[in-house]
Amino acid sequence: MVPEIQPPREFTEGIIKAIKDVRISYSDPQGIIELREELCRDLEANFGLKYTANTVTFHAGPKDALFKLCLALLHAKSKRNKTITFAPVFEAFTNVPELITGEPAIILPTDDKFYPRFDVLEKTLEEKHEEIAIIIVCSPNNPSGAVYPDHVMRRLADIIGKYPEIAVISDEVYRIANFTGKKHLSLAQPEYLPRQTFVCGGASKEVAGTGLRLGFCVGNSPNVTKAVVNIQGNASSSVDLPTQVGFQEFLKADRDMHLRNEILQKLRQRRDVVVSQFEKLDGLKSLKIHAECDGAFYYFPDITSCIGKKTPSGTIINDDVDFCMYVLQEGKVALIPGSKFFRAGHFRLAFACSSPERIAEGCQRISDALLRLQ
């Protein structure tokens with residue numbers, strides 16, 4: 001994230017104090033009890049999730065939490081060893097299960113708002129439910145920026161709840177980056193699928209410090225938690241103690257979420273710049289916006305209107321990869337093709353990595369490059 005969005009000093013000073021106090025020993029593989037208890041208070045008070053400290057494990061980042069949870073839930077030789085996720089999809093949701101089982105993830109489509117296609121999910125589960133171990137969801141979503149509303153959560157719960165043997169992993173790394181003005185919703189909340197759902201989250205996005213690798217996993221299965229702790233103890237021993245202490249101090253200071261809301265407002269400012277630029281710049285107005293960015297810090301426009309056009313040098317834009325390469329060369333703006341997320345014909349624009357002024361300049365450069373297409 002950008003230098004202008006600084007991690008709260010409560011976090012960084014907590015880390016520094018822990019180091020000065022020589023709190024640099026091994027810790028409980030599950031995470032220090034004080035941090036686990038503080039996280040449980042935060043989850044209940046601010047996110048409507050009720051857990052006890054023995055259900056929480058801390059890891060070296062949310063991706064590490066996802067990996068170790070998948071290790072606990074998947075086995076290559078089991079008949080039930082497949083994972084379902086939804087495109088556009090963050091790469092770890094496909095890569096991690098395949099690394100563990102050798103089985104590629106089943107990637108299901110979403111609609112124009114990037115919500116799961118319920119008809120396809122129902123049909124897939126009817127036909128393959130005995131093979132499915134995990135369904136992974138992500139809201140707010142990377143890369144689309146979609147935030148699942150209540151009706152989507154309820155429909156997912158209705159469909160998946162018919163198969164209680166299937167675990168749900170809910171990636172909630174971007175839970176504070178919600179621009180809808182509504183409370184964050186989780187499939188782990190009591191009205192949805194609390195018994196089947198494991199939540200993965202972390203500190204990196206919430207405290208604007210992506211290199212401060214601290215993630216967590218929480219769920220209502222003692223056996224799965226025990227397995228995750230066993231994996232953690234043998235693979236990593238524990239998360240570094242100063243970072244745990246820093247996050248504990250941060251959560252204590254932010255019980256009313258005022259620090260996280262400050263970060264949210266800075267992200268909202270950047271998001272609003274992107275939305276306004278796409279509404280007013282001639283080049284960008286030619287792109288389809290199927291869904292506004294309601295969360296995370298990504299914009300995911302449709303560029304199919306540019307397919308087949310020629311660049312000033314005469315090169316044909318054949319796909320989203322060609323498009324992103326053209327914008328990089330012509331406008332000096334880095335975008336990621338939607339096909340890398342299994343949703344071709346789009347691109348992902350990240351807006352947490354620059355100042356509002358630089359974001360506006362980047363949008364202008366993309367627009368100018370599009371106006372030069374023939």
Side-chain angles (χ1 to χ4, degrees), residues 1 6-47 49-73 92 96 99-100 169 171-173 175-176 198-255 257 259-260 263:
M1 294 171 74
Q6 291 286 315
R9 61 178 178 79
E10 289 82 358
F11 194 174
T12 55
E13 289 181 1
I15 294 172
I16 292 167
K17 186 176 186 303
I19 294 171
K20 287 183 175 179
D21 291 345
V22 200
R23 296 187 66 182
I24 52 174
S25 62
Y26 288 120
S27 71
D28 186 331
Q30 196 165 354
I32 58 174
I33 183 64
E34 299 87 350
L35 173 57
R36 287 185 278 130
E37 289 176 343
E38 194 60 51
L39 179 70
C40 288
R41 278 191 285 269
D42 182 68
L43 288 171
E44 184 172 5
N46 295 313
F47 300 97
L49 301 173
K50 191 169 185 177
Y51 295 101
T52 56
N54 64 343
T55 64
V56 179
T57 56
F58 274 92
H59 304 271
K63 198 180 294 185
D64 190 51
L66 172 74
F67 196 103
K68 288 166 181 169
L69 179 57
C70 285
L71 275 173
L73 294 170
V96 168
L99 281 170
I100 294 169
I169 297 179
D171 182 332
E172 301 181 21
V173 169
R175 62 184 182 171
I176 70 152
F198 297 87
V199 175
C200 287
S204 57
K205 306 299 191 301
E206 298 202 3
V207 301
T210 50
L212 295 168
R213 304 307 298 159
L214 186 66
F216 65 81
C217 169
V218 61
N220 282 315
S221 171
N223 288 335
V224 172
T225 300
K226 183 178 179 181
V228 172
V229 173
N230 189 27
I231 292 166
Q232 171 84 341
N234 284 283
S236 310
S237 295
S238 62
V239 180
D240 76 272
L241 185 52
T243 303
Q244 293 187 67
V245 173
F247 194 46
Q248 176 197 341
E249 293 302 315
F250 166 77
L251 289 176
K252 286 167 61 178
D254 197 39
R255 288 179 177 174
M257 292 195 64
L259 296 172
R260 280 171 283 189
I263 293 173

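All of these numbers come straight from a predicted model, not from anything done at the bench. What's counted below: heavy atoms across the whole structure, side chains too, no hydrogens, waters or symmetry copies.
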Taking C-beta and beyond as the side chain, do Y51 and V199 meet within less than 4.5 Å on heavy atoms? yes

Please report the closest heavy-atom contact between D64 and H59, naming both atoms and the distance. OD2-CB, 3.3 Å

When rounded to the nearest 0.5 angstrom, what distance separates CG in L251 from CE in M257? 10.0 Å

Quick one, C70 and I169 - any side-chain contact, counting heavy atoms below 4.5 Å? yes

Quick check: closest heavy atoms across C40 and A53, and the distance to 0.1 Å? SG-N, 3.6 Å

Got a second to check how far F47's CZ is from L39's CG, nearest 0.5 Å? 9.5 Å

Nearest-0.5 Å distance, CG of residue D42 to CZ of residue F216: 8.0 Å

Heavy-atom side-chain proximity of F198 to S221 below 4.5 angstrom: yes

Side chains of S236 and K68: any donor to acceptor distance under 3.5 Å? yes

Taking all non-hydrogen atoms of both residues into account, name the closest pair between E249 and G14 and its distance. CG-CA, 4.3 Å

Judged by atom type as modelled, is there a donor-acceptor pair below 3.5 Å linking the side chain of Q232 to the main-chain atoms of Q30? no

Please report the interatomic distance CG(L259) to CZ(R9), rounded to the nearest 0.5 Å. 8.5 Å

Full working for side chain to side chain contact (heavy atoms under 4.5 Å, CB included) between V239 and L214: CA-CA 7 Å; V239 180; L214 186 66; 3.4 Å; yes

Which heavy-atom pair separates E38 from R41 by the least distance, and what is that distance? OE1-NH2, 2.7 Å

On the 0 to 90° scale, with breaks at 30° and 60°, tag the F11-F247 ring pair as parallel, tilted or perpendicular. tilted

I'd like to know if the side chain of R36 and the backbone of G31 have a donor-acceptor N/O pair within less than 3.5 Å. yes

Starting at CD1 of I33, measure out to CD of Q248 and round the result to the nearest 0.5 Å. 10.5 Å

Nearest heavy-atom approach of A227 to A72 is CB-CB, 3.9 Å

Please walk me through it: do R23 and K17 pass side chain to side chain contact (heavy atoms under 4.5 Å, CB included)? CA-CA 9 Å; R23 296 187 66 182; K17 186 176 186 303; over 6 Å; no

Flag the pair V245 / I32 as yes when at least one side-chain heavy-atom distance between them is below 4.5 Å, and no otherwise. yes

Report yes if some heavy atom in the side chain of I263 is under 4.5 Å from a heavy atom in the side chain of P8; otherwise report no. yes

Side-chain heavy atoms of L43 within contact of K50, under 4.5 Å: no

Rounded to the nearest 0.5 Å, what separation is found between the CG atom of L69 and the CG atom of D171? 11.0 Å

Closest heavy-atom pair, G202 versus P62, reported as atoms and distance to 0.1 Å, is CA-CG, 3.8 Å

Can you check whether N46 reaches R260 side chain to side chain, under 4.5 Å on heavy atoms? yes

With a 4.5 Å cut-off on side-chain heavy atoms, are V207 and T12 touching? no

Would you check if there is a donor-acceptor pair between the side chains of Q244 and S27 at a distance under 3.5 Å? yes

Under the 3.5 angstrom rule, does the side chain of N230 hit a backbone N or O of K226 as a donor-acceptor pair? no

